[in-house]
Amino acid sequence: MANIQRGEIDASIGGERRVLCLTLGALAELEARLQAGDLVGLAERFSGGRVSARDLTAILGAGLRGGGNAISDGDLARLSIEGGLKGAAEIAARLLKATFGEAA
């Protein structure tokens, strides 16, 4: 079960309830993968509300791994997500909000 105080959320991905968390390691992974430079760059990138499918995969993949799920982005891309693309975007938004607060 997710602990929002620790920045965790839960979501139905691949038919399973999973915990996602953007730990420091997961955030470092996102910085490098998305060439954001730093945490401020990540926050600014996502605060505008425009994200690509590649961004969603990176956010959810990093969050899943940060939450203790051993899954690659390639494997994630093949899983069903409750609500489809809209559901994936909503999960990413909840995860970013849990990590960065209301401004995300």
Side-chain angles (χ1 to χ4, degrees):
M1 186 163 207
N3 180 346
I4 193 67
Q5 298 301 318
R6 291 179 31 187
E8 297 175 347
I9 65 163
D10 61 351
S12 180
I13 299 175
E16 295 180 30
R17 210 73 187 148
R18 301 172 192 256
V19 172
L20 293 85
C21 183
L22 289 177
T23 61
L24 284 176
L27 288 167
E29 176 186 330
L30 273 177
E31 286 174 353
R33 173 124 188 251
L34 301 177
Q35 299 174 346
D38 57 22
L39 290 174
V40 172
L42 274 179
E44 287 174 349
R45 179 177 178 135
F46 300 129
S47 68
R50 293 184 56 156
V51 296
S52 67
R54 180 179 45 234
D55 291 341
L56 288 177
T57 301
I59 294 164
L60 297 181
L64 283 164
R65 288 183 290 280
N69 301 274
I71 188 169
S72 70
D73 287 350
D75 289 339
L76 168 62
R78 290 185 284 282
L79 294 177
S80 64
I81 296 177
E82 186 176 346
L85 178 59
K86 181 180 177 191
E90 289 171 354
I91 294 166
R94 286 193 301 121
L95 183 56
L96 291 169
K97 182 178 175 185
T99 303
F100 293 107
E102 292 294 325

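Here, residue 1 is the first one in the sequence, and each next residue gets the next number. Please read these numbers as outputs of a predicted model, since none were measured by experiment.
Using a 4.5 Å heavy-atom threshold, the side chains of N3 and V19 count as separate.
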- Task: Check step by step if side-chain contact (heavy atoms from CB on, under 4.5 Å) holds for L42 and L96.
- Result: CA-CA 10 Å; L42 274 179; L96 291 169; over 6 Å; no
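Residues passing the side-chain hydrogen bond (donor to acceptor under 3.5 Å, both in side chains) test with D75 are S72, R78, sequence neighbours excluded. Residues passing the salt bridge (Lys or Arg N to Asp or Glu O under 4.0 Å) test with R33 are D73, sequence neighbours excluded. Qualifying side-chain contact (heavy atoms from CB on, under 4.5 Å) partners for A11, counting only residues two or more places apart in sequence or in other chains: I13, L20, I91, R94. Scored by the side-chain contact (heavy atoms from CB on, under 4.5 Å) test, E82 finds S12, R17 as partners (sequence neighbours excluded). With sequence neighbours excluded, no residue forms a side-chain hydrogen bond (donor to acceptor under 3.5 Å, both in side chains) with R54.
Residue E90 holds its CD atom at 10.0 Å from CG of L85, rounded to the nearest 0.5 Å. With rounding to the nearest 0.5 Å, the separation of SG in C21 from CD1 in I4 is 9.0 Å. How far CG of L56 is from CD1 of I81: 8.0 Å, rounded to the nearest 0.5 Å.
One hydrophobic cluster, built from ILVMFWY side chains closer than 4.5 Å, cannot hold both L24 and L22; they sit in different ones. Residues L27 and V40 do not share a hydrophobic cluster, clusters being chains of Ile/Leu/Val/Met/Phe/Trp/Tyr side chains in contact below 4.5 Å.
Pairing each heavy atom of G66 with each of A26, the nearest pair is CA-CB, 4.4 Å. Nearest heavy-atom pair, I9 versus A98, reported as atom, atom and distance to 0.1 Å: CG2-CB, 3.9 Å.
Applying the side chain to side chain donor-acceptor pair (under 3.5 Å) test to residues at least two apart or on different chains, the pairs with a partner in residues 18-29 are E29-R65.
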